[in-house]
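Step one of this worksheet: look at the structure below.
In this chain, numbering begins with 1 at the start of the sequence shown.
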Amino acid sequence: MDAINLRISQLVAELIQHSQSGESAHEIFSPGDEGRDTGEMFELLDSAAEALTSIRDQVNVSLQNAILEIKSRRNQLTPIYHLPPEIYSRIFEFACTRRTTTRGRILQVSKLWREIVLNTPRLWTRINANSAELIAACVLRSKNAPLEIDLPDDTSECDPEDDNGVFATACTPHEQLFKTQMALLMPQIHRWQSLALENVRARHFWPKFCIAAPWLEKLALTLTPDVPVSAEDPPPETPRDIFAGVTPHLRSLRLERIYIPLTSSIYTGLEALSVQSVDLSDFTANEFLDVLRACPRLESLWLNWIIMLGPTHESQPIVELPRLSTIDINSMSSRAIRHILSSIDPPSLEWLSVRTNLEDEETIYDALPFDMIANFKRTVENIHIGRLELILDAFPGGTSSFTIAGGVGDIYPALSLRSMSPSRDSLLDGLFPHILPILGSQALTALSVDGLPASDAALLADFHQLIVQGSEIRHLEFKRCCPSFLLPLRRVSPDTDKLLCPKLSELSISSSASIDGQELIEMVRARAAILKNAQDGDASALQKLHIASRYPLDEEVVRTFKELVPDFSHTFSHTPPSGLDDSMDLSE
């Protein structure tokens, strides 16, 4: 510090001496210089200016160093400066788990922090950049710590519509970079803990991954939709099993448009399995069940847009999956979905989502095993369903979809079963009789029915049976439904003298068709009369009624509702409620 102060004093004194000398620009030259040409004079003037500028720059640098030194000494007096390096390391590790904090930002704070970061191996284990220089630095500074590798595609140079077909055979810039990266990372494969690889086709990564990855826990291999997949991926000459079949600690596997045969040992011992947009037409649902059987600790299963054959006729034992809590299946063969759902037993299931497209002659039971009550009930019986929604939608061209969604309150449904079919009858035929045994044990408190047609007498009768079991229902909602669905609410149970849905307190009706207010008034009065003579202390009268219609109700009807129901509201518009048009209203 003393040396810096001395140098600053010397430079400042030299500047002061030049400024007080009183010499102007023309006094810099001697009398004999007047005969010189203009070029020589320019050189002399420029030389003098450079000399002064150099002195000024040296003063600035010395001042900057002095300020930094002062701040550094100040920092050394703060209590945090005296923390052990191990505490700093732990704090930095925690901070770097957040997206707003990076190694680079910490490195720039102070010399002490920089030194600690450079000597904390765990801060260099996350490799999430494509730079070969950074990868080399991370490999070196992480020492022997496990590596978390994420290699995204930042090139964005794919051309899937290349007429010459060059992309299908060439090595893309990102795949070329991948080879450079692997030259640095493959010698460290014994340290790999996780690997996420994007837009590298199997023909390029499979030959590289030909040796064991003994500590690999997570693997994600994905191709974005703009990358075409060749039938030769992986090429025939590659090893038969990825990582030489040795991944004993692999627990999470995600494949998106990447084909790995179901016979691979990589599917063993998984806790999370996600496969999306993969052609597995060489395998049957029975063989996929063998994969699940090899993963007894499986907790989540995601199968989206998978091509897989239906099951063979060979009977198989039920697959016990005691930890499985999440199932999401989308757009697979109906027979494959049915076989999988009816062949597993996940007692800890908390979330089930199934979406399927039915063929012309298929019914909803071809995908969802409602008729195999014992097995399917075992699959869903632990899902807590307080609110149930039944939604039928009709689309242009004659396609219909039916959705069963259930959960607790208004949160994301824990149960979501959706089927699409060109035949509405295939979605609704015998629906409620099959739902009742599955959901009969559920204590439903809210039920929403949307778009169910009133023209089907059998459907109305089946819905009546569903209402009979709704002893805990407090909130009913009807959208795009005929008032015929409300008729059961004015009746008593056929087996007892108790009112149906005795705890019903909220009723909501929304339709673009005309609503008969007098029928609703009779329903409300009938329930009130029955409740007045009822002995059930848990029964309650209707407390809230909301009607949304295309046309206004009669003023007398509105006045009567306000007298009968404490909280009554009515909205109407010449446009259908909820943005629906008449062609979508199935209540008529």
Min side-chain heavy-atom separation I260-W206 under 4.5 Å = yes

Step by step, would you call R251 with R297 a side chain to side chain contact (heavy atoms under 4.5 Å, CB included)?
-> CA-CA 9 Å; R251 297 295 176 261; R297 294 178 295 182; 3.0 Å; yes

For the pair W351 (side chain) and S300 (backbone), establish whether a donor and an acceptor sit closer than 3.5 Å, ignoring hydrogens and angles.
-> no

Ignoring hydrogens and angles, tell me if any N or O in the side chain of S325 forms a donor-acceptor pair with the backbone of E299 under 3.5 Å.
-> yes

Salt-bridge present (E148, R126; N to O < 4.0 Å) | yes

Backbone N/O of P322 and side chain of S348: donor-acceptor pair under 3.5 Å = yes

Give a yes or no answer on whether the side chain of W124 reaches the backbone of V117 with a donor-acceptor pair at less than 3.5 Å.
-> yes

When you measure from the side chain of T120 to the backbone N and O of L123, does any donor-acceptor pair fall under 3.5 Å?
-> no

Is the shortest heavy-atom distance from the side chain of P261 to the side chain of D282 under 4.5 Å?
-> no

Give the intermediate values and the outcome of side chain to side chain contact (heavy atoms under 4.5 Å, CB included) for residues H190 and Q188.
-> CA-CA 5 Å; H190 61 283; Q188 310 297 323; 4.0 Å; yes

Evaluate the side chain to side chain contact (heavy atoms under 4.5 Å, CB included) criterion for residues F209 and L219: first the C-alpha distance (whole Å), next the side-chain angles of each, then the deciding distance (0.1 Å), finally the verdict.
-> CA-CA 12 Å; F209 300 159; L219 177 62; 5.6 Å; no

From CA spacing to verdict: side chain to side chain contact (heavy atoms under 4.5 Å, CB included), F283, F288 | CA-CA 7 Å; F283 301 93; F288 183 75; over 6 Å; no

Any side-chain donor-acceptor pair under 3.5 Å between S353 and R355?
-> yes

Pair Q58-S54, side-chain donor/acceptor within less than 3.5 Å = yes

Answer yes or no: is there a donor N or O on one side and an acceptor on the other, between the side chain of D241 and the main chain of S265, under 3.5 Å?
-> yes

